[in-house]
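In what follows, a structure is listed as structure tokens, so that the remarks can point back to it.
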Amino acid sequence: MRTLEVDLGERSYPIFIGPRLIGDPARYRPYLAGTQVLIVTNETVGPLYLETVTHAFAGYRVESVVLPDGERYKTLEVWNQIFDALLSHRFGRDGTLIALGGGVVGDMAGFAAACYQRGVAFIQVPTTLLAQVDSSVGGKTGVNHRLGKNMIGAFHQPRAVIADTDTLRTLPDRELSAGLAEVIKYGLIQDPEFFDWLEQHMTELLARDTEALTYAIERSCRDKAEVVAADEREGGRRAILNLGHTFGHAIETGVGYGSWLHGEAVAAGMCLAAELSHRLGWLDAEALVRARRLVAAARLPVTPPAEIDPSRFLELMAVDKKVQAGRLRLVLLRGIGHAVVTADIPADALWATLEERGGA
Ligand code: NAD
Ligand code: GLY
């Protein structure tokens with residue numbers, strides 16, 4: 001097992017990465033606030049892992065709530081089911097929520113923990129690659145609104161992140177690739193050495209080689225933890241973690257939540273960001289080719305869906321948490337491993353990038 005730390009002073013917490021973790025009582029116990037535990041999961045992950053996790057809490061008062069599965073259920077209405085469970089089982093402030101699932105469950109359970117009685121403890125138990133490398137770390141929680149992705153939420157850090165690599169064995173191939181989008185993101189924004197490593201090890205990652213996957217999860221979490229420790233609430237630098245996300249969120253909202261996976265939308269969004277950076281003369285042609293090639297090698301889309309035209313794209317992109325004083329801000333690249341956040345975006349270059357769907 002590898003252990004990393006997210007350094008946030010007295011709210012610091014560990015990230016455990018390795019096999020056979022989810023059924024181990026010792027992983028959880030130091031991080032429980034009291035004796036009541038609510039496991040939040042969904043109808044796909046529950047049948048696979050709920051029993052194992054429940055056993056880890058022998059001697060505690062354990063309840064569970066099983067949500068419907070899918071991005072389209074990441075809504076305030078479904079989120080309310082978590083409060084129905086907490087209140088009907090009379091959970092107090094010393095209860096602990098366990099988020100068992102992918103990023104959708106993690107974001108919803110974390111947001112419920114942020115709000116229940118103004119804030120209770122929670123532990124992230126991510127079971128997708130995407131959640132193990134990104135969404136379980138850093139304390140962003142929330143739900144979607146029909147007009148905008150992740151628009152309602154809170155910062156609320158977990159007490160611990162328990163990333164059991166065995167759970168990835170049951171993950172569908174398409175979901176594995178979606179997680180690789182966020183892994184590639186770390187290489188592109190700040191870790192050129194990792195980008196090189198990914199170019200050399202994509203085949204092993206797609207074949208689910210344990211050593212390669214563990215290394216990629218650890219390196220991604222290390223990169224993310226460092227950014228979060230420096231800028232927990234995204235006053236500045238943390239925004240680079242959103243490379244491709246303004247385009248990606250527009251794709252997810254535009255095609256309807258769940259139709260494109262989050263990681264797929266981010267993949268196409270990162271390629272658009274790279275293309276726009278190239279148009280502005282910030283990213284050379286070779287780097288653009290390498291970025292697109294690595295995304296394609298991970299079996300991810302490099303172009304956005306044709307059904308979203310440039311004007312619709314711009315309309316959707318205007319609903320973004322990085323918009324300041326009505327001005328769009330984007331994360332762009334000045335090289336592989338060097339992301340910048342800018343509001344200085346020539347409208348004609350953006351339009352041309354969207355019109356040619358990043359394919360120029
Ligand atoms: P997801 O939670 O929908 O999970 C993907 C699918 O895999 C689901 O059908 C799920 O039930 C299933 N699944 C999960 N674990 C499994 C397993 N071990 N075996 C078999 N099936 C399994 O999607 P995701 O890609 O994990 O997360 C995407 C969500 O995360 C989006 O809503 C996105 O906005 C959010 N996100 C949040 C942050 C953050 O910082 N909070 C960062 C990135 C993404
Ligand atoms: N996924 C973006 C962030 O955590 O900031």
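In what follows, every heavy atom counts, from backbone to side chain, and hydrogens, waters and symmetry copies are set aside. Every number for a ligand or one of its atoms is a count from 1 in the order of the listing.
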Practice task
Among all protein heavy atoms, pick the one closest to atom 1 (P) of ligand 1 and tell me residue, atom and distance.
Solution key: V104 CG2, 3.9 Å
Handout entry: Ligand-side contact atoms (ligand 1) for residue partner L48, heavy atom cut-off under 4.0 Å
Key = 19 (N), 20 (C)
Exercise for the section: Without swapping roles, check the side chain of Q117 against the backbone of F91 for a donor-acceptor pair under 3.5 Å. Expected result: yes
Exercise for the section: Would you check the N or O atoms of K140, main chain and side chain alike, for any that come under 3.5 Å of an N or O of ligand 2? Expected result: yes
Handout entry: Option with minimal heavy-atom separation from atom 18 (N) of ligand 1, where the choices are V266, T128, T167
Key = T167
Practice task
Specify side chain, backbone, both or neither for D107, according to which of its non-hydrogen atoms lie closer than 4.0 Å to ligand 1.
Solution key: side chain
Practice task
List every atom of ligand 1 that sits less than 4.0 Å from any heavy atom of N150, numbering the atoms from 1 in the order shown and giving each element.
Solution key: 34 (O)
Completion exercise
Min over V228, T141, T170, L100 of heavy-atom distance to atom 20 (C) of ligand 1 lands on T170
Exercise for the section: State, with a plain yes or no, whether a side-chain heavy atom of F313 is found less than 4.5 Å away from one of L272. Expected result: yes
Handout entry: Part of T44 with heavy atoms under 4.0 Å of ligand 1, whether side chain, backbone, both or neither
Key = side chain
Handout entry: Region of L261 that comes within reach of ligand 1 [heavy atoms, distance under 4.0 Å]
Key = neither
Exercise for the section: Pull out every atom of ligand 1 sitting under 4.0 Å from any heavy atom of K74, numbered as shown with elements. Expected result: 31 (C), 32 (O), 33 (C), 34 (O), 35 (C)
Handout entry: K149 near ligand 1 by a heavy-atom separation under 4.0 Å
Key = yes
Exercise for the section: Kindly determine whether Q36 and H89 satisfy side chain to side chain contact (heavy atoms under 4.5 Å, CB included), including the steps that lead there. Expected result: CA-CA 9 Å; Q36 283 181 306; H89 295 299; 5.7 Å; no
Exercise for the section: Pull out every atom of ligand 2 sitting under 4.0 Å from any heavy atom of K224, numbered as shown with elements. Expected result: 1 (N), 3 (C), 4 (O)
Fill in the blank from the handout: Note: N42, heavy atoms under 4.0 Å from ligand 1, region reported as side chain
Practice task
For the residue pair Y60 and T96, confirm or rule out a side-chain donor-acceptor distance under 3.5 Å.
Solution key: no
Fill in the blank from the handout: Within the 4.0 Å heavy-atom cut-off, what K140 brings close to ligand 1 is both
Exercise for the section: Could you check atom 13 (N) of ligand 1 against the protein and tell me its nearest heavy-atom contact, residue, atom and distance included? Expected result: V45 CG2, 3.7 Å
Practice task
Provide, to 0.1 Å, the distance between atom 31 (C) of ligand 1 and the closest protein heavy atom, together with that atom's residue and name.
Solution key: E71 OE1, 3.2 Å
Practice task
Give a yes-or-no answer on whether the side chains of N144 and E252 include a donor-acceptor pair shorter than 3.5 Å.
Solution key: no
Exercise for the section: Kindly say whether A229 contributes a backbone atom to a donor-acceptor pair with the side chain of D7 at under 3.5 angstrom? Expected result: no
Exercise for the section: Indicate yes or no: at least one non-hydrogen side-chain atom of I39 is less than 4.5 angstrom from one of F57. Expected result: yes
Practice task
Give the atoms of ligand 2, by number and element, whose distance to some non-hydrogen atom of D134 is under 4.0 Å.
Solution key: 1 (N)
Handout entry: Contact atoms of ligand 1, heavy-atom distance to Y49 under 4.0 Å
Key = 18 (N)
Problem - Atoms in ligand 2 with a heavy atom of N242 nearer than 4.0 Å - result: 2 (C)
Exercise for the section: For S311 and D309, test the side chains for any donor-to-acceptor distance below 3.5 angstrom and give the result as yes or no. Expected result: yes
Fill in the blank from the handout: When distances are taken from atom 28 (C) of ligand 1, the protein heavy atom at minimum range is L130 CD2, 3.8 Å
Practice task
Could you find the nearest protein heavy atom to atom 22 (C) of ligand 1 and give me its residue, atom name and distance?
Solution key: L171 CD1, 3.7 Å
Practice task
Identify whether the distance between the nearest side-chain nitrogen and carboxylate oxygen of K149 and E71 falls below 4.0 Å.
Solution key: yes
Fill in the blank from the handout: Closest to atom 43 (C) of ligand 1 among protein heavy atoms sits D134 OD2, 3.5 Å
Fill in the blank from the handout: closest protein heavy atom to atom 38 (C) of ligand 1 is S135 CB, 3.2 Å
Exercise for the section: Would you check if I251 and E264 make a side-chain contact, meaning some heavy-atom pair closer than 4.5 Å? Expected result: no
Exercise for the section: Look only at the side chain of E5 and the backbone of I15, and say whether a donor-acceptor pair between them is shorter than 3.5 Å. Expected result: no
Handout entry: Sub-4.5 Å side-chain heavy-atom contact between D164 and D24
Key = no
Problem - Sub-4.0 Å heavy-atom contact, K224 with ligand 1 - result: yes
Completion exercise
Nearest non-hydrogen protein atom to atom 8 (C) of ligand 1, with distance, is D69 OD1, 3.3 Å
Problem - Cation-pi geometry met for R290 and F195 (6.0 Å, 45°) - result: no
Handout entry: For ligand 1, the portion of T127 having any non-hydrogen atom under 4.0 Å away
Key = both
Handout entry: Close approach of E182 to ligand 2, heavy atoms, under 4.0 angstrom
Key = no
Exercise for the section: Would you mind running through ligand 1 and noting each atom that sits below 4.0 Å from a heavy atom of G103? Expected result: 2 (O), 24 (P), 26 (O), 27 (O), 29 (C), 30 (O)
Exercise for the section: Taking only Lys NZ, Arg NE, NH1 and NH2, and the carboxylate oxygens of Asp or Glu, determine whether K224 and E182 approach each other closer than 4.0 Å. Expected result: no
Handout entry: Side-chain donor/acceptor of Y31 to backbone N/O of I123, under 3.5 Å
Key = no
Exercise for the section: Fit a plane to each ring of Y215 and F194, take the angle between them on a 0 to 90° scale, and name the class: parallel (under 30°), tilted (30 to 60°) or perpendicular (over 60°). Expected result: perpendicular
